[in-house]
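Here's the structure we're looking at; comments come further down.
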Amino acid sequence: MKRLRDRPFHGLYAITDAGLKGPAIERPVELAIRGGARVIQYRDKSRDASLRQVEAQAILGVCRKFDVPLLINDDVELAAAIGADGVHLGSEDTALGIARSQLGQRAIIGVSCYNRFELAERAIAAGADYVAFGRFFSSRSKPLAVSAGVDLLHRARAELDCPIVAIGGITPENGRLLVQAGADMLAVIRGVFAAHDVTQAAQSLHNLFASDSENPP
């Protein structure tokens, strides 16, 4: 398992959609990676623990094939059980210190900080590998999530010494603004996995990180 600092934490961060079910979840994840996804997060809020383990294990196989890290949303025990690369934690999830003790020093642990800069400062002080802010735009996946402003990314880029993830209603049309403001990664759920062409959707978001020379007007 590689630690985050051993990987280029830059680009598309694809989060699985709740509509993806069963072992067939492997195919869209592979398509997203082929389109340029640099990190995959398995996110499923259901209580079916056995199904979640089957799905996460299937995704892990794909991620290992392409050497892409797999993070598990909220569930430290599941991450430990399948040997995932780490977890992403929200404000009501397992404490970061407990997650670190269970998963080890090489695990990647990210923390949701919503629209609150002080949460990011605390998370970094506690040992988070990256912090996530958002939602930045209207989101069908998280319609009630608090709204964050682009100025938060500017401040985070200037003051925080860790990768910064932006999430919430991100599309190829609005994502470049967030990259220019300082986001290292764009976390996208339905914009990738609900797309008719998952690979093309991922590629369009991946291209937002290309240099002007690689992506001429």
Side-chain angles (χ1 to χ4, degrees), residues 1-16 29 32-33 36-44 56 59-60 62-64 66-136 142 145 148 152-168 170 178-179 181-189 205-206 209:
M1 181 190 296
K2 295 180 181 179
R3 183 79 188 273
L4 184 151
R5 65 172 64 95
D6 302 322
R7 299 177 181 271
F9 205 72
H10 185 75
L12 173 60
Y13 181 135
I15 303 175
T16 61
V29 169
I33 293 173
R38 294 291 181 256
V39 174
I40 298 294
Q41 182 190 128
Y42 173 64
R43 179 178 182 270
D44 189 320
I59 295 172
L60 182 64
V62 177
C63 289
R64 289 288 181 266
F66 292 95
D67 193 28
V68 168
L70 171 65
L71 308 184
I72 306 297
N73 182 275
D74 296 356
D75 195 333
V76 176
E77 288 72 22
L78 177 58
I82 69 166
D85 296 279
V87 291
H88 182 86
L89 304 174
S91 62
E92 298 179 358
D93 301 324
T94 304
L96 196 156
I98 295 174
R100 179 67 71 198
S101 67
Q102 290 185 249
L103 298 176
Q105 291 303 310
R106 295 187 65 79
I108 300 170
I109 300 179
V111 177
S112 290
C113 300
Y114 313 103
N115 60 356
R116 297 173 58 188
F117 189 80
E118 72 276 10
L119 290 184
E121 292 179 306
R122 292 177 201 163
I124 294 169
D129 293 289
Y130 72 87
V131 294
F133 294 107
R135 64 179 172 89
F136 286 93
K142 294 187 174 185
L152 184 59
L153 291 178
H154 285 289
R155 182 182 179 188
R157 178 79 288 142
E159 299 183 32
L160 301 180
D161 185 22
C162 75
I164 300 162
V165 177
I167 189 170
I170 297 171
L178 304 181
V179 175
D184 295 290
M185 301 202 87
L186 299 180
V188 182
I189 305 176
L205 289 155
H206 169 73
F209 293 88

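For this chain, numbers begin at 1 and follow the sequence in order.
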Taking all heavy atoms of [X] and all of [Y], pick out the closest pair and write down the distance.
X: Ala183; Y: Leu153; answer: CB-CD1, 4.3 Å
X: Cys162; Y: Val131; answer: SG-CG2, 3.9 Å
X: Glu121; Y: Leu160; answer: CG-CD2, 4.3 Å
X: Gly86; Y: Ala79; answer: O-CB, 3.9 Å
X: Ile167; Y: Ala187; answer: CG1-O, 3.5 Å
X: Ile40; Y: Ala37; answer: CD1-CB, 4.1 Å

Quick check: does any side chain N or O of [X] sit under 3.5 Å from a backbone N or O of [Y], one acting as donor and the other as acceptor?
X: Asp85; Y: Leu71; result: no
X: Arg38; Y: His206; result: no
X: Asp129; Y: Gly110; result: no
X: Arg116; Y: Ala120; result: no
X: Asp184; Y: Ile164; result: yes

Take the angle between the ring planes of Tyr13 and Tyr130 and call it parallel below 30°, perpendicular above 60°, tilted in between.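 Because their plane-to-plane angle is over 60°, the rings of Tyr13 and Tyr130 count as perpendicular.
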Take the angle between the ring planes of Phe133 and Phe117 and call it parallel below 30°, perpendicular above 60°, tilted in between.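 Ring orientation of Phe133 relative to Phe117: parallel.
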Atom pair [atom1]/[atom2] of [X] and [Y] - distance to nearest 0.5 Å:
X: Gln41; Y: Thr16; atom1: CD; atom2: OG1; value: 7.5 Å
X: Arg106; Y: Arg100; atom1: CZ; atom2: CZ; value: 11.0 Å
X: Ile72; Y: Leu78; atom1: CD1; atom2: CG; value: 5.0 Å
X: Leu70; Y: Tyr42; atom1: CG; atom2: OH; value: 10.0 Å

When you compare the side chain of Val76 with that of Leu89, does any pair of heavy atoms fall below 4.5 Å?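 Yes; the side chains approach each other to less than 4.5 Å.
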